[in-house]
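First the proteins, then the strands, lettered A, B, ... as listed; each starts at 1. Quantities reported herein were computed from a predicted structural model and do not represent experimental measurements.
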Amino acid sequence: MGKKFERTQIIIGFILFMAFLISIPFFASDYWMTLLVLILIYTVYASGWNLFSGLTGYTNFGLAWFIGISGYLSSILIADYQWFWLLAWPMGGLLVSILSMGVGYILLRIKGVYFAISMVALTEGTRELFGTGYLEPITHGGKGIPFVAGIRLPTLYWSILFLAFATVFICYKITSSRFGLRLVAIREDEQAAETLGIHTTKEKIIAFALSAFLVGLGGAIHCTYQNYIDPNYAFNIQLTLTPIVMTLFGGIGTVFGPVLGATLFTFIHEILWAELTLLYMAIFGAILMILILFFPQGLLGWMKEKGILPKIRKI
Amino acid sequence: MTVREPLLKIENIVKRFGEVVALDHCSFEIEKGSIAGLIGPNGAGKTTLFNVITGILQPEEGHIFFKGKEITGRRPHEIARMGIGRTYQIIRIFPKMTLLENLLVVGKERGEAVVEKALQLLERVKLYDKKDEYASDLSFGQQKLLSLAQVLMLDSELILLDEPAAGINPTLQNELMELIHRLNEEGKTFIIVEHDMKVIANHCQKAIALNYGQKIAEGSCSVILKDETLLEHYFGR
Amino acid sequence: MTNFLEILIRGLMLGSVYALVGMGLTLVWGVVGIVNIAHGEFVMLGAYFAFWIFSFFHLNPLISVALSLPFFFLIGTMIHKRITERLTNAPELSALILTFGMSILIWNLAQFFWTNTYRSVPYLTGNFSVMGLILAKSKTVSFFLALGITLSLFAFLKYSKMGKGIRATSQNSEVALVCGIDTKKMRALTFGMGIALAGAAGAIVSLQWVIFPQMGGSYVSKAFAIVVLGGLGNVQGALVGGFIIGVLESLVTQYMSAKMAQIIPSLIILIILLLKPTGLFKK
Amino acid sequence: MKPCWSIILEDKNILVDEGKVEIKRDNLLFIEGLVSGYGKMEILHGVSLSVGKGEIVGLIGPNGAGKSTVLKAVGGLLKITSGKVVFLGEEITNHPPYQIVEKGMAFNPQGRVVFPEMTVQEHLDLGAWTIKERKQKEEALERVYQLFPWLREKRKRRAAQMSGGEQQMLSLARAMMIQPKLLLLDEPSLGLSPKWVQTVFEKIVEIKNSGIPCLIVEQKAAMILEYSDYGYVLEMGKNRFEGKGHDLLQNPDVRRLYLGG
């Protein structure tokens with residue numbers, strides 16, 4: 001009885017919260033909406049990163065590659081071929097998820113630090129390649145593509161809100177599913193998982209491609225929101241790093257850790273950026289070091305450890 | 001009457017690590033429904049043999065047949081799904097998963113059936129009460145039981161156990177061996193690597209002795225345990 | 001032909017400095033087990049070290065190269081004792097992320113204090129002309145400096161007691177322990193040496209290129225390519241790897257474009273990791 | 001068969017010759033109530049033993065009994081949770097390995113115990129790491145070359161190029177460079193052919209005869225007991241039997257349980 005009641009309470013609370021989020025464009029100022037858009041974009045990045053890396057333990061240092069590839073395709077479709085944004089975005093996501101299957105098939109046999117480095121190398125290599133003259137007819141080279149997608153801020157906000165919600169929902173579903181368990185098994189002991197009949201290569205690639213799709217969609221929306229793309233911007237290591245820090249901050253391998261991390265961190269970013277622009281990155285780096293040294297589990301992990309939250313995977 | 005096909009057939013397996021020959025033309029057969037002991041001193045190649053059978057290592061020469069089908073060169077997960085399960089000497093469960101999750105992750109069934117099966121198995125290894133605890137919180141012996149339950153989740157016909165009795169207390173040891181016998185009666189076949197001669201003598205119908213990667217003796221336990229050359233290698237006499 | 005030879009020599013000279021950076025990274029990674037992303041930042045700090053010594057004391061930059069070794073060695077051992085030592089038993093990736101943070105912290109602080117202005121040490125301008133080959137004086141001197149440090153490092157590792165202790169720790173730390181070697185101390189020393197190599201490389205770099213706070217990134221990516229080429233922990237391999245990267249860079253810059261040359265490290269990392277993950281020269 | 005009887009003392013059986021209840025042993029190493037293990041996993045639940053001057057002491061027991069763990073804990077490679085280790089009258093519980101080595105305890109761990117890329121000469125240099133004086137080092141080297149004459153010709157050979165038996169001997173030689181007052185050996189026969197096992201054990205006896213006591217963990221139980229002055233049998237991280245080597249060898253319980261017949 002009591003449990004059911006709790007459940008209805010949660011559902012009602014959730015519906016009210018969603019209604020509030022959806023109605024924001026009707027009363028909030030553009031500043032707040034912009035801030036929320038950023039939070040939501042980073043929620044997608046962080047959750048998407050966590051979906052693969054947090055569960056399988058393969059640290060993906062190539063998030064910017066997902067963002068850049070998808071951002072480029074969608075931006076080119078919008079800028080050069082006048083595609084409708086709603087069609088261009090999924091194309092970006094699809095392309096990067098298909099490419100990531102190939103990349104994953106090749107690179108996911110490399111373990112640990114080497115995998116992380118190979119993803120950085122892939123991102124950096126692609127960034128340099130996009131900036132050279134060889135791909136200029138397609139990518140416009142290093143000078144970038146400024147474009148206008150003809151989308152209003154509220155529409156963009158609702159789109160990213162929908163994507164963020166979908167991403168978190170997918171993460172929630174996966175984390176509490178047996179597919180999620182298989183991914184965690186890979187993180188805990190890949191060889192043992194294999195001798196227990198788990199097709200680890202397949203599971204890894206599926207998770208990698210799914211992560212690429214979600215993050216890629218986020219990247220496409222991000223570029224549309226910025227109305228601009230260039231190699232240094234789209235493949236910036238910063239885009240890889242920030243979501244990782246957010247996830248670590250909230251709690252790696254948890255469902256709501258990345259959401260919490262993205263939200264808190266975007267606010268911190270706003271304050272630091274406004275107050276300490278010149279030292280912003282230094283503080284960012286220091287926070288990263290402190291997190292690894294003292295709170296490797298993140299906020300949610302720490303709360304689970306202390307017994308404030310139950311130790312279940314669904315949170 | 002046709003000749004009975006052995007469940008597992010090892011044929012001339014050679015495995016080298018650099019210049020060291022870990023398995024040297026090793027051959028034997030395992031009958032369905034038996035419990036076989038695999039003995040030999042440390043470094044004799046027992047664990048390597050397990051790794052080769054389960055596909056973790058690829059042999060340089062030789063063939064392995066399971067139920068008449070060749071499994072040499074297949075990936076570990078394929079071999080596992082064909083019905084060969086194993087446990088490790090150093091327990092390799094998934095520490096940051098609950099006991100129930102440790103079993104669910106292995107199961108092939110869909111929907112509620114898998115949960116039911118997992119709970120039944122937990123009951124069977126007497127870990128039901130701890131189903132929602134992290135596997136890392138279990139004692140060494142309990143982890144061994146959990147590891148066996150994981151293999152049972154797979155419905156393996158052939159189960160390879162790497163030193164199941166080592167390092168756990170006698171009561172638990174007896175429980176474990178009793179469980180193995182009951183499973184054997186239900187039709188499961190076992191190969192057990194064990195150092196403890198008591199365990200081999202009391203529980204195995206047949207023993208295979210390895211040394212320097214070669215099979216040096218094979219036969220019923222009583223014969224093997226009287227084998228002089230074996231004793232020499234094993235105990236230094 | 002002379003032109004080609006010149007490009008080759010230029011590549012080798014470039015490579016000798018890269019090798020210095022790469023050897024530091026491979027030592028720390030192989031012996032201490034810490035992947036130091038912030039390695040490039042110490043190259044940057046080394047360059048600024050030489051620059052400030054030159055602008056304040058007007059000392060010969062060659063002296064600042066010599067000074068940079070003990071200075072950065074001390075800094076390295078201190079950083080290890082205070083920070084990275086805690087990661088000895090932590091997962092490899094913790095070190096990766098921690099040093100990433102350290103890298104950002106260092107370059108941003110450098111940017112904050114020293115601004116983004118490009119600086120350089122005006123020393124040894126002009127060229128040597130040897131047998132029809134025209135070689136920049138600063139680069140030639142750098143080459144011999146880098147080579148000198150490399151050879152001293154080899155000699156140190158091969159013949160000195162500490163060097164033997166460090167090699168022992170990297171090959172089998174349990175046996176090193178039972179030999180009575182304080183492996184913890186060896187790791188701290190190695191970390192210090194790695195940082196010292198990066199700092200000295202930076203001081204050498206300052207003789208020939210401009211200095212700016214974010215210069216570390218390009219060095220660390222080359223260093224990673226060198227480690228992957230030479231095999232983890234293999235110092236000789238790193239020297240060869242450094243030469244390979246240097247020559248390739250020089251050739252590609254000449255015959256394709258400077259932009260293409262920037263892709264080389266990434267390309268090498270990807271290719272080697274796929275084909276031969278243990279490196280080309282793993283014994 | 002010699003008649004023997006066992007007295008139950010706490011939960012372990014001490015086998016003693018009839019009539020001589022007390023065995024006088026001059027303790028060099030003395031371990032009491034040792035509790036240790038890996039991380040959360042406790043392997044030793046209170047092991048006590050001692051090594052006297054000029055003795056070979058064998059430590060046997062089934063796999064997982066904690067034999068190697070005892071040596072690692074004594075050598076400072078594992079953290080000791082409770083109990084104490086006294087060496088040469090000084091407590092060395094939880095001292096770092098390099099201090100323990102400096103006091104004169106040489107420990108040869110199990111398995112591949114060489115530096116693969118180093119030469120014989122370098123191994124011996126590293127063995128003498130704790131010796132400060134040059135003259136002492138040269139003396140140690142001379143003594144080791146006397147003990148292992150064949151090493152002299154193979155000075156420049158890398159360990160990776162040597163056979164398993166040669167590696168084991170090299171490792172023994174390396175340990176002797178410390179000029180130890182006690183030698184701990186973990187399964188010196190592991191992976192060796194019978195001929196090499198014989199050679200290694202002959203060396204150990206030679207070392208013992210030169211006055212250096214050894215504590216040896218062995219799986220070849222019958223063989224080690226043959227050589228041992230005193231032996232301990234561990235089971236489940238606890239003492240089970242102890243007694244003179246030959247007495248243990250003759251004891252029907254020990255034979256049945258651990259000697260295969």
Region of C/S221 that comes under 4.5 Å of a non-hydrogen atom in chain A: neither
C/F49 and C/F71 aromatic centres sub-6.0 Å: yes
Option in A/L241, A/T123, A/I287, A/I237 with maximal non-hydrogen atom pairs under 4.5 Å from chain C: A/L241
Pairs of heavy atoms under 4.5 Å with chain A: top-ranked of C/L105, C/L267, C/V35, C/L109: C/L105
Aromatic ring proximity, centroids under 6.0 angstrom, A/F208 and A/Y105: no
Ring centre gap for A/H269 and A/Y280 strictly below 6.0 Å: yes
Pairs of heavy atoms under 4.5 Å with chain C: top-ranked of A/L248, A/L278, A/T126: A/L278
Test of ring centre spacing under 6.0 Å for A/Y114 and C/W29: yes
When C/L274, C/I263, C/I268, C/I37 are compared by non-hydrogen pairs under 4.5 Å with chain A, the top option: C/I263
Residue pair C/Q111, C/N116: steps toward the side-chain contact (heavy atoms from CB on, under 4.5 Å) verdict: CA-CA 6 Å; C/Q111 199 176 42; C/N116 272 333; 3.1 Å; yes
Distance (rounded to the nearest 0.5 Å) between C/L14 CG and C/I7 CD1: 12.5 Å
Side chain / backbone / both / neither for A/F294 at chain C, heavy atoms under 4.5 Å: side chain
Region of A/L122 in contact with chain C, defined by heavy-atom distances below 4.5 Å: both
Top contributor to chain C contacts, counting heavy-atom pairs under 4.5 Å, from A/G131, A/G57, A/A286, A/S118: A/S118
